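Because the structure is predicted, anything quoted here is derived from the model rather than measured.
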Amino acid sequence: MTRSQIVLTLFLATIAVTMVLRPAHARSNCAPRDLVLEKLASEFSESRQSIGLAANNQVVETFAAPSGSWTVIVTAPSGISCIVASGQSFELTADALPPQGDPA
């Protein structure tokens, strides 16, 4: 497992644990996935930068904009997405980028 895969795995595990431990009253940032994606694109110009599957079959995604704003959402199998974190100064690190060159 590469360093970037380990970092991503730890990040996704942290988000999954955060979702499980959050009280029900704190989960007000939830809506159907298509509405959440529409809002992230139209209001923040954010597009998907990473995706992973948590152990509980929830999909964890990171969205970011050229401005540096970012949002992490978790989507349950039911199709409901919840915003679990957001912030500024997003950047892709060199070890997170796919290898350059001819794949063949």
Does any part of the side chain of I73, heavy atoms only, come nearer than 4.5 Å to the side chain of L40, both counted from C-beta? yes
Residues forming a side-chain hydrogen bond (donor to acceptor under 3.5 Å, both in side chains) with E38, sequence neighbours excluded: none
Report the distance from atom CG of N29 to atom OG of S81, rounding to the nearest 0.5 Å. 12.0 Å
Whether the side chain of W70 engages the backbone of Q88 through a donor-acceptor N/O pair (distance < 3.5 Å, no angle test) should be reported. yes
Let me confirm one number: the CG-OG1 distance from L53 to T75, rounded to the nearest 0.5 Å. 11.0 Å
Over all heavy atoms of both residues, which pair between P66 and S45 is shortest? Give the atoms and the distance, please. CD-O, 3.9 Å
Find out whether I51 and V60 are in side-chain contact, i.e. whether some heavy atom of one side chain is under 4.5 Å from a heavy atom of the other. no
So, using side chain to side chain contact (heavy atoms under 4.5 Å, CB included) as the criterion, who are the partners of S42 when residues are at least two apart? none
Quick check for you: to the nearest 0.5 Å, what is the distance between R33 atom CZ and I80 atom CD1? 12.0 Å
For E91, enumerate each residue passing the salt bridge (charged side-chain N to carboxylate O under 4.0 Å, His left out) test, keeping only those at least two apart in sequence or located in another chain. none
The reported gap from OG1 in T71 to CD in Q49 (rounded to nearest 0.5 angstrom) is 11.0 Å
My understanding is that only residues two or more places apart in sequence, or in another chain, count here; which of them pass side chain to side chain contact (heavy atoms under 4.5 Å, CB included) with P77? N57, Q58
Could you work out, with side chain to side chain contact (heavy atoms under 4.5 Å, CB included) as the rule, every residue matching S67, not counting sequence neighbours? A65, S69
